[in-house]
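So that the names make sense, note that chain A is the first sequence line, chain B the second, and so on, each numbered from 1.
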Amino acid sequence: MLQQTPVVRVQPVWEEWLRRWPEPSDLAREPAGEAVRAWGRLGYPRRALRLHAAAGAICADHGGNVPGTYAELLELPGVGSYTAAAVAAFAFGRRETVVDTNIRRVHARLFSGAALPSPALTAAEMRLAAESLPAGPGPSVRWNAAVMELGALVCTARSPKCRECPVSASCAWLAAGEPPPTYTPKGQSWHGTDRQVRGAVMAVLREAESPVAAELFRQPATDLGFEPAGIGIPLAALHRLNPAPEQLERALAGLLGDGLAELHPAGFRLPA
DNA sequence: GATCCGTGGAA
DNA sequence: TTTCCAAGGAT
């Protein structure tokens, strides 16, 4: 849930999730669509699908217990190098090189003198992170947590709080006179994109308690002469986007291809 | 390596 | 209002 999503937004969803599914086996028993529904508006709903799949893999391959080594974790759906290292370190106390966006930024400034890390994680960065990691499980776990928190709370992307930074005296970026970023990160476009249409369709499917006829996506409900039960608001939001027919078809096909939706005789629905 | 994949709060 | 960007991963 924390992948590309701030802690404050994750926390309430995470608490409800663990109340409902305290063990991997509890989640694995559910249809994938229930995981997607409970995911709510966290974004990137494929993560919900993969978390559900990971629960299944944990039950099938690990007796229902989350594995504790980097290599085993990395095999799970939706778990990449960052998540595998973070879980092994923070949940199992192992010495792992954890590199998230916060740690990358701290290292870029403190060690390399750059305002921002490069767009993609490099081998040199991993080497630098591995070299700076203290020896011993306990110190390494605390180091990972400390550098991550420093990046999240003090060494922030915009307007870092250098006056509050405990290592400002040894910061290469400050010493260099706070040079600006050498590249301009281009943000993801959103308005008018397929991604926005996918999001609007998913909002409808999450609210729907029965399959949604394809015509409801393709044509405003007012033109159909009736009010669809329960999904009027997200459906109106979708039609307000006024996606081109081709774009809507692309979004629906994409969701089907990703397994986020399935086509029932009565219409589209979350995977049951 | 480049792209794609959501969402909403803050600047 | 627009832009930025947040505990990334898969293809």
>> Clusters formed by hydrophobic residues whose side-chain heavy atoms approach within less than 4.5 Å: which one holds A:Trp14, and what are its other members?
In response: A:Met1, A:Leu2, A:Val7, A:Val10, A:Val13, A:Trp17, A:Leu18, A:Trp21, A:Leu27, A:Trp39, A:Leu42, A:Leu51
>> So if I define the base as every atom that isn't primed, P, OP1 or OP2, how would nucleotides 4-11 of chain B read as a B/S/- string at a heavy-atom cutoff under 4.0 Å?
In response: SBBBBB--
>> Determine whether a donor-acceptor pair (N or O, by modelled atom type, separation under 3.5 Å) exists between the side chain of A:Arg109 and the backbone of A:Ala114.
In response: no
> Between A:Leu270 and A:Arg206, which heavy-atom pair has the shortest distance, and what is it?
Replying inline: CD1-CA, 4.1 Å
> For C:dG8, does OP1 or OP2 lie under 4.0 Å from any side-chain N or O of A:Thr83?
Replying inline: no
>> Using the P atom as the point on both nucleotides, what is the distance between B:dG6 and C:dT11, in whole Å?
In response: 14 Å
> Is it true that A:Glu246 and A:Arg250 have a side-chain N and a carboxylate O under 4.0 angstrom from each other?
Replying inline: yes
>> Give me the atom names and distance for the closest heavy-atom approach of A:Ala88 to A:Glu96.
In response: CB-CG, 3.7 Å
>> What verdict does the side-chain contact (heavy atoms from CB on, under 4.5 Å) test give for A:Asp61 and A:Glu72, after you've listed the backbone C-alpha separation in whole Å, the side-chain angles of each residue and the deciding distance to 0.1 Å?
In response: CA-CA 10 Å; A:Asp61 303 335; A:Glu72 291 171 317; over 6 Å; no
>> Donor-acceptor check, side chain of A:His52 to backbone of A:Glu30, threshold 3.5 angstrom: yes or no?
In response: yes
>> By the 4.0 Å heavy-atom rule, please label A:Val79 as base, sugar-phosphate, or nothing.
In response: sugar-phosphate
>> Base, sugar-phosphate or nothing for A:Ala157? Non-hydrogen atoms, less than 4.0 Å.
In response: sugar-phosphate
> When the distance from CD of A:Glu149 to C1' of C:dA6 is rounded to whole Å, what number comes out?
Replying inline: 13 Å
> Which part of the nucleic acid does A:Arg105 contact within heavy-atom distance under 4.0 Å: base, sugar-phosphate only, or nothing?
Replying inline: sugar-phosphate
>> Which heavy atom of A:Ala48 sits nearest to which heavy atom of A:Ala35, and what is that distance?
In response: CB-O, 3.7 Å
>> Rounding to an integer number of angstrom, what distance separates B:dC4 and C:dA7 when you compare their P atoms?
In response: 24 Å
> Rounded to whole angstroms, how far apart are CD1 on A:Ile103 and C1' on C:dA6?
Replying inline: 15 Å
Short heteroatom pairs, N/O only, protein and nucleotides 1-3 of chain B, under 3.5 Å:
none

> Taking atom P of C:dA6 as reference, at what distance in whole Å does atom CG of A:Asn102 sit?
Replying inline: 7 Å
> Nearest-Å distance, CG (A:Leu76) to C1' (C:dG8)?
Replying inline: 15 Å
> Could you go step by step and tell me if A:Ser118 and A:Arg104 meet the side-chain contact (heavy atoms from CB on, under 4.5 Å) rule?
Replying inline: CA-CA 9 Å; A:Ser118 60; A:Arg104 292 189 66 211; 3.3 Å; yes
> What is the distance from CD of A:Glu125 to P of C:dG8, rounded to the nearest Å?
Replying inline: 13 Å
>> Does A:Gln11 reach a base, just sugar-phosphate, or nothing at all? Heavy atoms under 4.0 Å.
In response: nothing
